[in-house]
S.K.: 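One structure, pasted below without further comment.
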Amino acid sequence: MCSVVGYVGAQKSRVAVLEGLRRLEYRGYDSSGYACLDAHNHRLMYVKAEGALKNLVRLFDKNPIDGRVGIGHTRWSTHGAANEQNAHPHFDCHKTISIVHNGIIENYSSIKKELIAQGHVFHSETDTEVIAHLIESEFQKNKTATLPQLMTSVVAQLVGAYAFMAVMQEFPDTIIAVRKGSPLCIGVGDGEMFVASDVLAFAGKIDRVIFMPEQTFAVVTKDDMQLYNFAAERQDFVIKQLDAQWIAVEKNGHEHYMLKEIYEQKSVIERSVRFFRTLQDNFWVSIGCTKEQILSLKKVVIVACGTSWHAGRIAEFYFEEIVGIPTTAVLASEFRYRRFFPQDDVLYIAVSQSGETADTLEAIRFLKEHNQHTLALTNVASSSLVRECDGFLLTQAGPEIAVASTKAFTAQLTALYWLANRVAFERKKITETAYLLAEEDLLLAGVLLENMIEQCKHEIIDELAPYYAQFDRSIFLGRHITYPLAMEAALKLKEIAYIFSQVYPAGELKHGPLALVDDKTPVFLFSHPDPVIYQKILSSAQEVKARKGKLLAIAFEGQKELIDLADNVFIFPMVSPHLSVIATIGVIQIFVYYIALSRGCNIDKPRNLAKSVTVL
Ligand code: F6R
C-alpha cells in the first residue's frame with residue numbers, strides 16, 4: 001500500500017525522506033511526492049511525479065527543494081488514477097497545509113460535497129485531499145485552536161482506517177502524525193525524529209521507536225513528541241529499542257529479486273529448521289499458550305489473505321492428518337463478515353508475511369474482542385500482528401522484496417509443518433523420533449526443491465516458458481493438498497505474467513469447467529503422490545486430452561500413464577504428500593517467472609499491486 005515517511009531535525013529532510021521512501025517503495029509505486037517547509041520563510045514547497053520513485057528523484061535536479069521538516073509518499077492508488085495530479089502530498093486551498101496519507105477515508109465524498117459548498121476548490125480525485133481542506137476549514141472556524149483541539153475536530157469527522165501526516169505553515173518545525181487502523185511509528189533520535197509507515201524506513205539510523213497506539217495523534221518536533229487520544233487527552237507512550245536492522249538487500253547477480261528469492265528457498269528451510277531447534281520448552285510461552293492449552297485444543301483456524309491463505313489451506317492437511325485436529329483456513333476479508341460462533345479451545349493462527357495486512361489485522365482484533373486465542377505466524381518481528389496477537393512464531397524467510405511472495409510462502413509452509421509436528425508430539429500423536437524426522441524431512445524437501453529447479457530450468461527457459469507465454473488464459477487443477485498448491489501457482493501466473501488463470505479442484509472439472517477446455521487454454525494439472533488420489537487425477541487428465549486440451553502435468557516418478565498422456569511434464573521424486581508441495585513449488589515458481597519474463601512483464605513490481613496490503 002502507500003507509504004508515508006516524515007523527518008524533522010537538524011538535518012535537512014529530503015535525503016532522509018527519500019531514503020525512507022526507497023526502502024518502502026515495495027508498498028506502492030504508482031506515484032511519489034515530497035513536501036517540506038522552507039527553513040527561512042516557512043513556506044511549503046513540493047515536488048511530485050507519476051510512476052516509480054526514480055521519476056521523483058530526477059525532478060530534484062531541476063528543483064532542488066529541501067527543508068528541515070519534510071514528508072514524502074509513495075502511492076498505491078485507491079481513489080483516482082495513478083497520475084501526477086493524484087500523487088501525494090495534497091493541499092488545502094491556499095497550499096499552506098500538506099498531507100500524505102495511507103489508508104482510506106470512507107466518507108470522503110460527503111465531506112468533499114460539504115467543503116465544495118463552503119467554497120473549497122479540489123485538485124485531485126483522491127480521498128486524501130479532503131483531509132487538507134477539512135483542517136483548513138476547522139482552522140478557519142477557530143483560529144485560536146491549539147493543534148490538539150484542531151486535530152480532534154478533524155478526526156471526529158473522518159470515517160475509515162488511515163494513517164496520515166500533516167505539515168502546516170502555521171505550525172512550522174512540526175509534523176502531525178495521525179493513526180487509526182493503519183500502522184505508523186515514530187523513530188526517536190537525538191535532535192531528530194522520523195515518522196513512517198514501517199520502521200524499515202529509518203532502521204539502522206536510530207535505535208528507539210514508538211509504535212503509535214490505535215486512534216491517537218502525535219505532535220512531533222525535532223526534540224519532543226506529544227501523544228494524544230482522539231479526545232485530545234495527553235497519553236503516555238512506550239519507547240522501545242529498535243532491533244530491526246535495515247539490511248541492504250541486493251539482487252546478488254540475479255536479474256530480479258523474485259529470482260533471487262526463489263533460489264534462496266533451500267537456505268530458508270535450513271535456517272528455519274536451525275531456528276526451530278533453538279525453541280525449547282518456553283516455546284509455548286512465546287506462542288502465547290500453555291502446554292495444557294495445547295493438550296485441550298479442539299480446533300485450529302488459520303486466518304490469512306492471498307498466498308499466506310494458500311499456505312494455510314495446505315496446512316489444513318498438516319494439522320488434520322498429523323495432529324488429528326479439525327482445521328480450517330479462512331480468508332480474513334471474508335471471515336469478518338460471517339456469523340461468528342465463539343468456541344473454547346480454538347487456536348487462531350494469523351499467517352502473514354508482512355504482519356501488516358489490514359484484513360488479517362482486523363480479523364485478529366475482532367477475535368481479541370471475543371477473547372479468542374491468537375497466534376501470529378509472520379516474517380516481520382516488528383509488525384503490528386506480532387504486537388497484537390497473544391503470541392508469535394517468526395518465519396525465517398528474511399526480507400522479501402519482490403511483490404510476488406515465493407520464499408515467504410515456503411517459510412510459512414515450513415513453519416506450519418513443523419508446528420503441526422510439534423503439537424502432535426506434545427499431544428502424543430507422534431513419537432519423538434517421528435518429530436525429529438519431520439525436521440530432517442523438511443531439509444530433504446529443501447534439497448529436492450533446489451535440485452529440481454536445476455534439473456528443469458533449461459527446458460523451462462529454452463522451450464516451455466516461451467511456448468506457454470503465448471496463451472492468455474489457462475486452467476489449473478489439483479486435488480487434496482495439491483489443490484491449494486494449484487491455487488498458489490495460478491495466483492503467481494496471474495499476478496506476474498497477467499495470464500488469466502482459473503483454478504479448480506480436479507474433481508470439479510466435469511461439473512462445468514470442462515466446457516472451457518480447448519487448444520487455446522492449456523491445463524496445468526497437479527498430480528498427487530497418493531496412488532488412490534493419483535487415479536482420480538489421471539481421470540481428469542484423460543478428460544482434458546479427450547477434448548484436445550493442451551496438458552502440462554506436475555507428476556511423480558512411477559505415474560507412467562499420466563507422464564505418457566501429458567504434452568509436457570515435470571517429474572518429481574516420490575515424497576510424502578505433505579512435503580511434495582514444498583519439493584515442487586520451486587519449479588512452478590521458476591516456470592511462472594520465465595513465462596512472465598517472456599511476456600516482458602515488470603516482474604518485481606507487477607502492475608496495480610503492492611507488497612503490503614494495508615487497506616481494507
Ligand atoms: C501474492 C502475495 C499476496 C500476499 C497477500 C497477504 O504473491 O504476496 O497474495 O500473500 O497480500 O500478504 P501478507 O502475507 O503480508 O499478509
Side-chain angles (χ1 to χ4, degrees), residues 1-3 24 26-28 76 182-183 197-198 200 256-259 261-262 265 302-315 329-336 348-365 374-386 388-389 392-416 484-499 501 503 585 588-589 592-593 596 601-616:
M1 296 304 92
C2 305
S3 68
L24 302 189
Y26 65 87
R27 296 169 66 104
W76 181 79
S182 292
S197 320
D198 191 308
L200 280 184
H256 293 98
Y257 281 110
M258 183 176 174
L259 194 58
E261 288 161 3
I262 291 171
Q265 294 181 103
I302 297 169
V303 188
C305 301
T307 288
S308 297
W309 177 64
H310 297 154
R313 291 281 278 106
I314 289 171
V330 295
L331 279 168
S333 53
E334 287 291 317
F335 170 76
R336 292 170 44 222
Y348 287 88
I349 307 178
V351 179
S352 171
Q353 187 285 126
S354 61
E356 299 295 352
T357 300
D359 282 315
T360 309
L361 280 168
E362 283 301 315
I364 287 302
R365 288 168 192 154
T374 56
L375 165 67
L377 195 127
T378 177
N379 205 28
V380 183
S382 57
S383 62
S384 304
L385 201 61
V386 167
E388 295 190 29
C389 285
F392 62 90
L393 177 61
L394 292 177
T395 50
Q396 302 295 310
E400 190 179 63
I401 306 295
V403 164
S405 195
T406 52
K407 63 173 181 168
F409 174 69
T410 299
Q412 289 166 347
L413 290 181
T414 306
L416 287 161
L485 180 67
M487 288 161 105
E488 172 56 12
L491 176 63
K492 288 281 113 58
L493 195 64
K494 286 173 215 173
E495 71 179 322
I496 68 160
Y498 315 148
I499 294 179
S501 317
V503 57
I585 190 69
I588 296 157
Q589 292 162 341
V592 173
Y593 170 86
C601 298
N602 186 355
I603 292 181
D604 281 340
K605 290 180 185 163
R607 69 184 180 206
N608 309 339
L609 299 180
K611 183 79 184 152
S612 181
V613 186
T614 55
V615 292
L616 290 169

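Note that ligands are numbered from 1 as they come in the structure, with each ligand's atoms numbered from 1 the same way. Nothing fancy with the numbering, it's 1 onward along the sequence.
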S.K.: Apply side chain to side chain contact (heavy atoms under 4.5 Å, CB included) to the pair Q412 and T378, showing each step before the final yes or no.
M.R.: CA-CA 8 Å; Q412 289 166 347; T378 177; over 6 Å; no

S.K.: Decide salt bridge (Lys or Arg N to Asp or Glu O under 4.0 Å) for E400 and K407; before the verdict, give the C-alpha distance in whole Å, the side-chain angles of both, and the deciding distance to 0.1 Å.
M.R.: CA-CA 7 Å; E400 190 179 63; K407 63 173 181 168; over 6 Å; no

S.K.: With a 4.5 Å limit on heavy-atom distance, are the side chains of T357 and S352 in contact?
M.R.: yes

S.K.: Using heavy atoms and a cut-off under 4.0 Å, could you grab the residues that are in contact with ligand 1, chain by chain, numbers ascending?
M.R.: C305, G306, T307, S308, S352, Q353, S354, T357, V403, A404, S405, L491, K492, E495, V613

S.K.: Are any side-chain N or O atoms of E356 and backbone N or O atoms of S384, one a donor and one an acceptor, separated by less than 3.5 Å?
M.R.: yes

S.K.: Do W309 and I314 have side-chain heavy atoms sitting under 4.5 Å apart?
M.R.: no

S.K.: Would you please name every residue forming a side chain to side chain donor-acceptor pair (under 3.5 Å) with K494, sequence neighbours left out?
M.R.: none

